[in-house]
Structure formats: structure tokens, C-alpha cells
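Read the structure below first, then the notes.
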Amino acid sequence: MVPVVSSRPLPLELTPAEKSVLLQNEAIFIRNGFSFVVLPHQQDEEGSKDAVLNRVCLQAAPLLYDNVLGAEDIKEMIHLLIETEGMNVRPSRVLQALASKACRKSVMIGDSLNSAQMTRICAHGRPTIRHLFSLSDFKYTE
């Protein structure tokens, strides 16, 4: 996936807990093609700090075919990270695209394979023919 860099970072609407999970697992997001900037606290006109201004902004997002992944995918990844306790996760749209591509590239019924191609097929892939005997072993009677 190629990251698409925005000239204008997009503020993300995250709860403090979501923001914490995102920042603690930033390396996972980077491996998935996302990058972020954190805007510092700023004071408003009355001099009080506004928590809304201390926010994480999306600076780059991965391009999946013709779709740019975004805030919904980030929130999904955050919730998956919470559920899986920090395991490496991918957005469901990426997993669906990978599964679709794998299915389209797999061996299909009717595909002819040579011996070398048959030996490279995974054991958990589509079944291949196993020759149990040769037809020349049988005697035909009329």
C-alpha cells in the first residue's frame, strides 16, 4: 500500500483512551501506512487550555486500490488493539482486499499445472489429484 500524504493534516476525533492506544502503538499504524502529527496544547482567547486543540491529526494514509483508508479504519484498528492486547492488526478493508487477491490468484478448477507447479502448491491450498494407480495396471476383458 502506498501512503497518501496530505498537505493539510486531518484532525481525528479520538477519546483520550483511544489517543493513548494510538500513540502507544504508533509503529503498528506506521507499518500499515498511516502517519500522524500531534498538535500541542494551545490557549484560546480567554487563556484557558482547550483539550480539543491537543489532538492527533492524520498526516498520511494508505491507498488501497482506489480508496484511501481513513479515520474509520484507524478507530477500528484502535479497538482491535485494545481487544487483542497489542497484537499486530490490520484494518478489515485491507484483510478483505488481501483475501480477494489471494482467491483470484489461487489455482482454479480447470487450470492446467505442470509437475513443478504442482509441487509448489501449499498443503492447505486447493486439492490436487493424487494418482493412486495407473490404468495400465488393469486388464480389460470384453
Side-chain angles (χ1 to χ4, degrees), residues 1-140:
M1 290 182 296
V2 178
V4 175
V5 179
S6 174
S7 59
R8 191 170 175 197
L10 173 70
L12 299 173
E13 298 293 330
L14 301 175
T15 65
E18 290 171 336
K19 178 182 168 185
S20 176
V21 170
L22 185 146
L23 295 176
Q24 289 173 0
N25 296 282
E26 191 170 6
I28 293 172
F29 287 93
I30 290 170
R31 280 195 300 270
N32 279 285
F34 294 100
S35 72
F36 306 95
V37 293
V38 180
L39 299 178
H41 279 291
Q42 295 180 3
Q43 293 187 348
D44 60 16
E45 294 84 35
E46 288 117 28
S48 64
K49 287 189 176 180
D50 187 355
V52 174
L53 296 175
N54 180 20
R55 67 168 48 165
V56 177
C57 295
L58 179 61
Q59 188 172 24
L63 178 65
L64 181 64
Y65 299 113
D66 292 332
N67 300 313
V68 178
L69 276 63
E72 306 85 35
D73 302 293
I74 292 167
K75 284 205 171 218
E76 178 188 13
M77 285 181 67
I78 289 169
H79 292 285
L80 287 171
L81 284 164
I82 292 168
E83 291 173 6
T84 59
E85 299 176 2
M87 298 292 293
N88 194 2
V89 298
R90 295 207 183 276
S92 61
R93 292 200 301 170
V94 171
L95 294 176
Q96 289 170 353
L98 292 173
S100 174
K101 190 155 189 91
C103 185
R104 293 283 96 213
K105 294 291 182 181
S106 66
V107 175
M108 299 291 186
I109 293 175
D111 288 352
S112 59
L113 303 173
N114 61 34
S115 295
Q117 290 170 319
M118 284 187 243
T119 59
R120 288 194 307 253
I121 293 177
C122 298
H124 61 271
R126 296 187 185 263
T128 59
I129 294 175
R130 175 78 175 165
H131 294 283
L132 303 175
F133 55 86
S134 171
L135 290 177
S136 63
D137 294 341
F138 290 95
K139 293 182 183 176
Y140 293 99

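Residue numbers run from 1 in the order of the sequence given.
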Distance, nearest 0.5 Å, that separates [atom1] of [X] from [atom2] of [Y]:
X: I28; Y: R90; atom1: CD1; atom2: CZ; value: 10.0 Å
X: L58; Y: L12; atom1: CG; atom2: CG; value: 5.5 Å
X: R93; Y: L95; atom1: CZ; atom2: CG; value: 12.0 Å
X: D73; Y: F34; atom1: CG; atom2: CZ; value: 5.5 Å
X: I82; Y: M77; atom1: CD1; atom2: CE; value: 12.0 Å

Which atom names give the shortest non-hydrogen contact between [X] and [Y], and what distance separates them?
X: C57; Y: P9; answer: CB-CB, 3.6 Å
X: F29; Y: I78; answer: CZ-CG1, 3.7 Å
X: N32; Y: V89; answer: ND2-O, 3.2 Å

Subject >> By side chain to side chain donor-acceptor pair (under 3.5 Å) - contacts of Q24 (at least two apart) >> reply: S20

Original post:
Run the side-chain contact (heavy atoms from CB on, under 4.5 Å) check on V38 and L23 step by step: do they pass?
Top reply: CA-CA 9 Å; V38 180; L23 295 176; 4.0 Å; yes

Original post:
Should R55 and L14 be marked as a side-chain contact (heavy atoms from CB on, under 4.5 Å) after you check the CA-CA gap, both sets of side-chain angles, and the distance that decides it?
Top reply: CA-CA 8 Å; R55 67 168 48 165; L14 301 175; over 6 Å; no

**OP:** State whether the side chain of K75 and the backbone N or O of E13 hold a donor-acceptor pair below 3.5 Å, judged by distance alone.
**Re:** yes

